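Since the structure comes first, as structure tokens, the remarks are kept for the end.
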Amino acid sequence: MPAAVETTTAAIAEALAAPVANWVDEGEQSEARVEARTFAFSEPLEPGAVPYALVGLSPDCLADLGQLPPPGKATAFGVVAVEPAEVWRVLFAAASTGGPYESGCYGAYGRLHAWRALAGLAGARADASPGEVEEHVRRCAWYRFGADTPWFHRVVWDLGVLAVGPDRRRLAFLAATATD
């Protein structure tokens with residue numbers, strides 16, 4: 001794998017986590033966890049290398065996963081290429097419906113939180129116009145991921161999305177989980 005440097009700032013982590021922020025804010029009864037990070041790679045990532053790159057970054061959500069087997073072998077971890085529209089639906093559902101103890105942000109605010117996360121995952125500037133964000137989103141490669149690790153609760157509120165930038169050197173992901 002190419003070398004990687006973490007590029008996450010507080011502002012970008014907040015934007016990426018916007019759809020699930022209320023999951024964590026639900027108080028003591030919530031068992032929510034969120035991990036939102038960005039990385040820059042020294043060389044472009046090939047599409048088949050994305051799962052290995054993600055595991056190689058040692059995110060908290062995959063801490064107990066161990067080594068990945070060779071391609072084609074069974075594993076408790078999966079990364080699947082998806083269209084940006086699917087990522088949008090996942091982010092909007094997370095924001096608008098909320099976690100186990102929160103009713104969500106509904107309509108306009110749910111869309112706003114999903115939009116902020118989608119723009120951040122795609123690497124768009126915080127002040128980018130809708131057209132600029134759309135162009136960034138269109139040029140990225142999009143994935144969903146999941147893992148059978150203790151970090152995830154393995155219930156309806158598990159979420160894992162990631163984007164690889166058009167130059168294939170930037171990877172951004174959002175992982176979240178909550179349970180009642």
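It should be emphasised that the depicted structure is a prediction, and the values quoted were computed from it without experimental measurement.
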- [ ] Would you mind checking if E43 and R168 are paired as a salt bridge, meaning a charged N to carboxylate O distance below 4.0 Å?
- [x]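 Salt bridge absent between R168 and E43.
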Task: Basic-acidic side-chain contact under 4.0 Å: R33, E35 - done: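 No salt bridge links R33 with E35.
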[atom1]-[atom2] distance between [X] and [Y], expressed to the nearest 0.5 angstrom:
{"X": "D60", "Y": "T149", "atom1": "CG", "atom2": "OG1", "value": "10.0 Å"}
{"X": "W151", "Y": "L62", "atom1": "CH2", "atom2": "CG", "value": "9.0 Å"}
{"X": "L54", "Y": "R37", "atom1": "CG", "atom2": "CZ", "value": "9.5 Å"}
{"X": "L159", "Y": "W23", "atom1": "CG", "atom2": "CH2", "value": "5.5 Å"}
{"X": "L118", "Y": "C140", "atom1": "CG", "atom2": "SG", "value": "8.5 Å"}

[X] versus [Y], closest heavy-atom pair with distance:
{"X": "P44", "Y": "R169", "result": "CD-NH2, 3.5 Å"}
{"X": "W115", "Y": "P130", "result": "CZ2-CA, 3.7 Å"}
{"X": "L91", "Y": "L121", "result": "CD1-CD1, 4.1 Å"}
{"X": "A18", "Y": "R116", "result": "CB-NH1, 3.9 Å"}
{"X": "S42", "Y": "P2", "result": "OG-CB, 3.6 Å"}
{"X": "A124", "Y": "A128", "result": "CB-CB, 4.2 Å"}

Open item on the list: Around atom CD of E6, are there more than 12 heavy atoms from other residues, nucleotides or ligands closer than 6.0 Å?
Closed with: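 More than 12 within 6.0 Å, yes.
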Task: R139 atom CZ: more than 12 heavy-atom contacts under 6.0 Å - done: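 Check fails, neighbour count at 12 or below.
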- [ ] Decide yes or no on side chain to side chain contact (heavy atoms under 4.5 Å, CB included) for V79 and Y52, but give the supporting numbers first.
- [x] CA-CA 10 Å; V79 176; Y52 298 95; over 6 Å; no
Task: V50 and L162, any side-chain heavy atoms less than 4.5 Å apart - done: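 A side-chain contact exists here, since the closest heavy-atom pair is under 4.5 Å.
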Donor-acceptor pairs are to be reported for all side-chain atoms of residues 141-148 against protein atoms at under 3.5 Å, with residues two or more places apart or in another chain.
residue, atom, partner, partner atom, Å
W142, NE1, V137, O, 2.9
R144, NH1, E86, OE2, 3.1
D148, OD1, R154, NE, 3.0
D148, OD1, R154, NH1, 3.3

Let me have the donor-acceptor pairs involving side chains of residues 171-178, under 3.5 Å, with sequence neighbours excluded, atom names and distances please.
residue, atom, partner, partner atom, Å
T177, OG1, H153, N, 3.0
T177, OG1, D158, OD1, 2.4

